[in-house]
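Just below is one structure, and these are the notes that go with it.
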Amino acid sequence: MMRLKNFFKGIGVYAAAEVLCLFLALTLSAVGGSLLRLVSMVCTLGMLCCLCINYGWNRAKEDQKQKCDGVIWRGAVYGGVVSLPYILCGVFLCLARAGVVSANGYRWYKLADAPFLQLCNLFSQDITALSLTWGETVFLALCNLLPLVVVWLTYVLCQKGVVPEEFLYRRS
């Protein structure tokens with residue numbers, strides 16, 4: 001069973017990603033136009049992925065030391081912990097677009113979903129979710145599964161013996 005410590009580490013990864021990505025997104029987008037917003041999007045998504053890779057890698061190494069089984073489901077649970085706030089944001093966005101909750105909550109969605117802030121702004125800089133098409137809404141909601149996929153994939157690869165340094169220092 002996943003210990004409470006790992007749960008809090010996952011929430012810590014989410015909080016760190018949120019703060020760092022919000023700072024980066026707002027800083028870079030304030031000084032420039034579309035190109036810097038695109039750079040900001042790449043940087044924030046890269047930062048989110050790096051934090052998730054680190055979390056998944058550390059959880060896998062800890063589980064290897066403790067000789068835990070269940071590679072598939074444990075990695076998915078760890079990824080789910082990090083992704084839970086993002087998944088809730090995606091559900092909120094769909095509810096806002098459907099008119100179940102206030103569509104003006106889109107501006108708060110962007111702040112609560114900081115790694116995807118610039119991606120949201122590429123689709124619509126408006127403050128209402130009604131400015132999005134259903135296709136854009138579903139795409140943005142599905143993007144919130146990125147942390148789950150990254151943590152799970154990193155966890156599984158680490159359990160299989162893949163070492164990330166091999167990718168960095170491989171000769172061509």
Side-chain angles (χ1 to χ4, degrees), residues 2-63 74-94 96 104-127 129 132 136-158 162-165 167-169:
M2 185 173 77
R3 296 191 317 228
L4 196 57
K5 174 181 85 169
N6 291 332
F7 174 78
F8 286 118
K9 286 182 180 179
I11 295 300
V13 168
Y14 161 75
E18 196 64 27
V19 169
L20 292 170
C21 289
L22 190 59
F23 173 76
L24 188 61
L26 293 177
T27 303
L28 287 177
S29 67
V31 295
S34 299
L35 181 60
L36 276 178
R37 286 191 174 140
L38 188 61
V39 169
S40 174
M41 181 184 71
V42 170
C43 290
T44 56
L45 291 176
M47 186 178 300
L48 174 67
C49 288
C50 288
L51 288 169
C52 289
I53 288 169
N54 185 40
Y55 176 70
W57 182 261
N58 289 335
R59 299 292 57 82
K61 286 297 181 186
E62 187 176 306
D63 286 352
R74 287 183 77 86
V77 169
Y78 290 138
V81 168
V82 175
S83 296
L84 184 61
Y86 293 116
I87 292 169
L88 292 175
C89 282
V91 170
F92 174 80
L93 178 64
C94 291
N104 289 332
Y106 183 55
R107 73 178 107 184
W108 302 113
Y109 164 80
K110 290 180 189 183
L111 292 176
D113 209 13
F116 304 100
L117 174 69
Q118 296 305 336
L119 184 61
C120 292
N121 284 337
L122 286 175
F123 287 123
S124 172
Q125 292 184 1
D126 199 5
I127 61 169
L132 298 170
E136 293 168 341
T137 304
V138 170
F139 179 78
L140 287 172
L142 288 176
C143 284
N144 288 311
L145 296 175
L146 179 67
L148 184 137
V149 172
V150 171
V151 170
W152 175 77
L153 188 60
T154 303
Y155 185 89
V156 170
L157 288 174
C158 181
V162 176
V163 179
E165 288 85 11
F167 296 114
L168 293 174
Y169 302 114

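In this chain, numbering begins with 1 at the start of the sequence shown.
Using the six-membered ring where Trp is involved, F92 and Y109 have ring planes that are parallel, under 30° apart on the 30 and 60° scheme.
In this structure a side-chain-to-backbone donor-acceptor pair under 3.5 Å is present from S83 to G79. For N58 (side chain) and N54 (main-chain N/O), a donor-acceptor pair under 3.5 Å exists by modelled atom type.
Checked by atom type, the side-chain pair R59/Y55 shows no donor-acceptor distance below 3.5 Å.
Annotation: side chain of Q118 is not in contact with side chain of L38 (no heavy-atom distance under 4.5 Å). L48 places a side-chain heavy atom less than 4.5 Å from the side chain of F116. Using a 4.5 Å heavy-atom cutoff, the side chains of Y155 and D63 are in contact. Counting only heavy atoms from C-beta outward, the side chains of L93 and L132 approach each other to under 4.5 Å.
Rounding to the nearest 0.5 Å gives a distance of 11.0 Å between OG of S40 and CG of L35.
The two residues Y86 and P115 have their closest heavy-atom pair at OH-CG, 3.5 Å. Nearest heavy atoms, V82 versus P147: CG1-CB, 4.0 Å. Counting all heavy atoms, side chain and backbone alike, N144 lies closest to C89 at ND2-C, 4.3 Å. Counting all heavy atoms, side chain and backbone alike, T154 lies closest to G56 at CG2-C, 4.0 Å. The two residues D126 and K110 come nearest to each other via the heavy atoms O-NZ, 3.3 Å. The two residues E18 and D113 have their closest heavy-atom pair at OE2-N, 3.6 Å.
Considering L157, V150, V156 as possible partners of L153, the one that fulfils the side-chain contact (heavy atoms from CB on, under 4.5 Å) test is L157.
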